[in-house]
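Worksheet: one structure, shown below.
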Amino acid sequence: MNKKLLIRDLTLRDGQQSAFATRMNQSQVDRVLPYYKEANFYAMEVWGGAVPDSVMRYLGENPWERLEKIKAVVGNVSKLTALSRGRNLFGYAPYPDEIIDGFFKNAVASGLDIMRIFDALNDVDNIKASVKYIKKYGGMADCAVCYTVDPKYDDEPQEEKKGGFLSGLFGKKHEQPKPKHQPVFTDAYFLGKAKEMLALGADMISIKDMSGLIPPTRVNALVKLFKQNLNVPIDFHTHCTPGYGLGSVLAAIVAGVDVVDTVIWNFAGGPAAPAIELIYIFCKKLGIELDVNMEAVAKINELLYGIRKELDAVDAVKQFPKPFNPLTDTLPADIDREFDNAIEAAKRNDEGALLKACHAIEAYFNFPKPNELVKNAEIPGGMYTNMVAQLKQFNSLDILEEAMKLIPSVRLDAGLPPLVTPTSQIVGAQAVNSAINIKNGRAKYTNPSNQFMALVKGEYGKTPVPVDPAFRLQIAGVSEEIPFDTGKHKMQDNPLLPEYGNLPLAKDEKEVLLLELFPTVATGFLRKKREEEFKAMQQKEEVAVSEPVQQQAEVEQKPKEEPIVGNLVECPIPGTVLEVYVKPGDKVSKGQNLLILEAMKMENDITSNFSGTVHRVFVKAGDVVREGVSMVEIVS
């Protein structure tokens, strides 16, 4: 193993995104930055992912300023890193090179040092442009191999069988099903992807375990394989959700990984990555240097405790870990022994003993227990949440088990995409649709979603296994794979705003990029900015302290002007209305699409549960809506 370990701190991006829906505002970030300057992390992940979207959508803040303000304080003490989806950057549609070029030019100029680049299909062609342009402007390309597993097929209803991927998940037993194909996601597969990325010019390779599904023995093997075959630093990224996180990070360290991703104590564990304080104890016992100022980390952690209380409304866990400072607090003898047990187990690659010790450590410190559902189903937690929300919309939670059973076959039909946003949500949504179709006597793929059709058609890139041409013809109307044509990309409109003195909606290149990457959210954000600037120019009144964007845009659950007389179509999951297809007076039938709702970067068709006439529409494009909010009223 290495004698020195580098730490990428995720607290200000992935940490707060995993546990607090990316709601840290700039003042909260500013509070901890002076201590981050002292902490001396190798790198700090502070941007990308959901940050640019969320700071505009919910906080009314400029994402470019978020990055610039962090850089101004931290300087070059730690490398600032971000996360992007290759050619898609932060969304679904692939962007042409000129957009990717402009994005990286401005990102590096604003303070970005490293971009972690991944593709949801592990299609290396989709990351080429991002690698090219981050390096063009002097940044580092951290190319991520997305970890996933081969599905376990269990399509047929079975009873009183043992084992299987749904064993214990819903109270029924299933036998271990036989695979329908040779394993795809082998160690050789992941190494092959990493070598392709290295050939593009990757400065670092990350093993990106988005769902926390990689067990210690597997990461031990992968890290050793990567270290033997790749001549760049290897980073390991995981989450604690299913209970592997801490043990797998220790296994990676023992195997010789160069960088691990951690989160500071009060934001760590559960849906986030392991706590650096626990990794510090392991490294101290192993004789590994961290080169992190743990006194500064302790000061950050004190502030994070108060910030987490301020974020209580969006706290996904609501379970604080027991206060602990490894520099000043003494471990009880039995817990100290568990650290030693974990190290010895990791060295002999004894996964059971390693996880037992790590779970005892986490339980003592009151970190969340492993999520057995995610562990057994081997799907991301967010994918499961989206499926439940979709079934609630159709009043069909009773078929959740059948929808879960369909995931492996839907995934195989679509070319075995890894389960990472957006492919995880596309596959999950289609499994739900297919389960409902089958329940109602329809064909499995009746009315496939637009995203599923695009995936099968080839618009997201090359899938790990080829899609059957006959199936592609059935779903997308073409037999041959047809990639997305970025040459057809049309720039977003940037109109003049006569109501605000003919100011343009986007006034500079960075704002134009916001419009390109986040059309709906950025339009609302920039209109508000122009309104404030216009009022300031006219000196008619002081700029009012604006309420959070979400509060201004949210729709009340029920209209006050008249009582409800028809059936209500309600929002199944929090999101943003992208487009409304109906208006009062329109005749609609059951199952008809009423509007498009964007939730968790997924476009969801909201359909009618009723036939009748649209009486009222309570939402419009751009509205941010909560779960349960009334959207359309339909009278019989």
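Counting from 1, the numbers follow the sequence of the chain as shown.
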[atom2] on [Y] to [atom1] on [X], rounded to 0.5 Å:
X	Y	atom1	atom2	value
Ile7	Leu290	CD1	CG	5.0 Å
Lys128	Arg87	NZ	CZ	10.0 Å
Asp30	Gln28	CG	CD	10.0 Å
Leu10	Thr262	CG	OG1	6.5 Å
Ile300	Glu38	CD1	CD	8.5 Å

[Y] backbone acceptor or donor facing [X] side chain under 3.5 Å:
X	Y	answer
Glu68	Gly111	no
Ser248	Ile214	yes
Thr11	Ile264	yes
Glu338	Ile361	no
Lys135	Gly201	yes
Asn301	Val297	no
Trp47	Pro63	yes
His359	Gly243	yes

### Residue pair Val232, Asp203: steps toward the side-chain contact (heavy atoms from CB on, under 4.5 Å) verdict
CA-CA 6 Å; Val232 295; Asp203 300 297; 5.9 Å; no
Closest approach of [X] and [Y], non-hydrogen atoms and distance?
X	Y	result
Asn266	Tyr305	ND2-CB, 3.5 Å
Pro417	Leu121	CB-CD2, 3.5 Å
Phe41	Ser78	O-OG, 2.6 Å

### Query
So, Thr241 and Asn371: side-chain donor and acceptor under 3.5 Å apart, yes or no?
no
### Query
Can a donor-acceptor pair be found between the side chains of Tyr137 and Asp101 at a distance below 3.5 Å?
yes
### Query
Could you walk me through whether Tyr189 and Asn122 pass the side-chain hydrogen bond (donor to acceptor under 3.5 Å, both in side chains) check?
CA-CA 10 Å; Tyr189 165 87; Asn122 278 330; 3.3 Å; yes
Within the 6.0 Å centroid threshold, strictly below: [X] and [Y]:
X	Y	value
Trp265	Phe367	yes
Tyr133	Phe103	no
Phe226	Phe190	no

### Query
Of the options Lys347, Lys284, Lys285, which is the one that meets Asp340 in a salt bridge (charged side-chain N to carboxylate O under 4.0 Å, His left out)?
Lys285
### Task
Please test Lys224 against Lys227 for side-chain contact (heavy atoms from CB on, under 4.5 Å), starting from the C-alpha separation and ending with a verdict.
CA-CA 5 Å; Lys224 287 178 178 176; Lys227 290 296 294 178; 5.8 Å; no
### Query
Under 4.5 Å between any side-chain heavy atoms of Phe267 and Ile307, yes or no?
yes
### Query
Are side-chain heavy atoms of Val108 and Lys136 found at a separation under 4.5 Å?
no
### Message
Is there a side-chain hydrogen bond (donor to acceptor under 3.5 Å, both in side chains) between Tyr36 and Asp9? Walk through the geometry before answering.
### Response
CA-CA 10 Å; Tyr36 265 106; Asp9 176 75; 2.7 Å; yes
### Task
Apply side-chain contact (heavy atoms from CB on, under 4.5 Å) to Val257 and Val219, showing your working.
CA-CA 10 Å; Val257 78; Val219 76; over 6 Å; no
#### Entry: Tyr364 six-ring face occupied by Lys322 cation (under 6.0 Å, within 45°)
yes
